[in-house]
Amino acid sequence: MRAAVARLPDLLSKGAAFHFGWHDGEHNLSGVRGKMIRPALVLSAARLAGGEPTDDTLRAGVAVELVHNFSLVHDDLVDEDRMRHRRPTVWAQFGSAYAVQLGDAMLALANLVLMRGAQGTTTELCAELNSAVMALCVGQVLDVEFETRPFVSTDDYLEMVTGKTAALLSASCGLGALTGSSSPAQLSALRQFGHHMGLAFQLTDDLLGIFGDPAVTGKPVGADLLRYKKTMPVVAATCSGSAAGDELREIYQRRAITRDRLEGVIELVACAGGRERTEAEAVKQYDLALRCLDEADGNADATAELRDLAALMIKRDR
Ligand SMILES: CC(C)=CCC/C(C)=C/CC/C(C)=C/COP(=O)(O)OP(=O)(O)O
């Protein structure tokens, strides 16, 4: 990653180093850096699909992490989040214009990294990655639009999250498979594995955003609620038909959430079954993901790695 980021012009690489937490030495304290889940998926998917990871696999891992971080830099700006990984976000530290340019440059760099690969595979890899970027953008637009949409169903939510989160996890598995020697059936099963894990991952993220410990997640408490995000616990609660769910829907409509009312709002989400329903959906998506992994029917060690990764992705506290 560092070698790739060093290819950015100095003016931008200082912001990237700040974003990645490399600016203050080699401390790797838990929670102050990203989890690198997507490159891990690329590597294990490549192994599952046969053989040792190639240079193209490594390039794909770097590219997908760059795309992920481009989306984080832009997302923090859109959501006006000032802290990530217990540090100020890029826009909070360097300004909005800088964050837009740094995010764009990371996306361009991701493509440049892939283009350095073996002739013949580059086009396919770029198509896999950039199709996911397109889906990511659609999901992000929906996510913001949902903040003011009066009613969001579970299906609407799943459509949004398919783009916002699952597309890149699915592409990570697809990229790994493409750099391995996967059959078409294996490629499709691995993409589907990534899709279902992406949904399970975002559902877990939504739960952590409301019920997680901010000291561990590194995100301010209740940020999604204060922004009237239609995360799954909220969607499930407001669709429950319960008195608590109706009250929550009314509070959302009146935009009546303040910091001192947060605790009560969180209680309403839980009382209306939002937490339980979200946990159940995460487990359902996780089970579907594991079924796809069986269908992929590849290298046993890599299958075990992906199984472990999947478990980590839903049983996490940050
Ligand atoms: C186009 C655009 C701006 C799209 C925004 C998409 C976006 C930010 C989706 C959220 C996905 C998500 C759960 C990120 C946290 O990943 P993680 O927990 O793996 O993060 P980490 O790298 O910090 O561990």
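Worth saying up front: this structure is predicted, and the values here are computed from it rather than measured. Indexing begins at 1, ligand by ligand and atom by atom, following the structure's order. Because only heavy atoms are used, hydrogens play no part in the values below, and waters and symmetry mates are left out as well, while side chains stay in.
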Report the nearest protein non-hydrogen atom to atom 3 (C) of ligand 1: residue, atom name, distance rounded to 0.1 Å. S71 O, 3.5 Å
What are the atoms of ligand 1, with element, lying closer than 4.0 Å to any heavy atom of H74? 3 (C)
Considering residues, nucleotides and ligands other than R261, do more than 12 of their heavy atoms fall under 6.0 Å from its CZ? no
For atom 23 (O) of ligand 1, what is the nearest protein heavy atom, given as residue, atom name and distance? H85 NE2, 2.6 Å
Considering the heavy atoms of G34, write down every atom of ligand 1 situated less than 4.0 Å from one of them. 21 (P), 22 (O), 23 (O), 24 (O)
To which protein heavy atom is atom 11 (C) of ligand 1 closest, and what is the distance rounded to 0.1 Å? T165 OG1, 3.6 Å
Quick one: does ligand 1 sit under 4.0 Å from the side chain of H68, the backbone, both or neither, non-hydrogen atoms only? side chain
Do NZ/NE/NH1/NH2 and the carboxylate oxygens of R59 and D56 come within less than 4.0 Å? yes
R227, CZ: over 12 other non-hydrogen atoms inside 6.0 angstrom: yes
Could a heavy atom of R38 be found less than 4.0 Å from some atom of ligand 1? yes
Ranked by distance from atom 13 (C) of ligand 1, the top protein heavy atom is Q202 OE1, 3.2 Å
Count the heavy atoms of every other residue, nucleotide or ligand shown that sit under 6.0 Å from NZ of K284, and state whether that count exceeds 12. no
When rounded to the nearest 0.5 angstrom, what distance separates OG in S13 from CE in M106? 10.5 Å
Show which atoms of ligand 1 fall inside a sub-4.0 Å distance from at least one heavy-atom site of D205. 13 (C)
Suppose we measure from atom 18 (O) of ligand 1 to each protein heavy atom; which comes out shortest, and what is that distance? K35 NZ, 2.5 Å
Any carboxylate oxygen within less than 4.0 angstrom of a Lys/Arg side-chain nitrogen, looking at K229 and D143? yes
Just heavy atoms, cut-off under 4.0 Å: does K164 contact ligand 1 by side chain, backbone, both, or neither? both
Considering non-hydrogen atoms of the protein only, which is the closest contact for atom 5 (C) of ligand 1, and what is the distance? Q140 OE1, 3.2 Å
Is the ring centre of Y228 less than 6.0 Å from the ring centre of F146? no
Cut-off 3.5 Å, side chains only: do T231 and D224 have a donor facing an acceptor? no
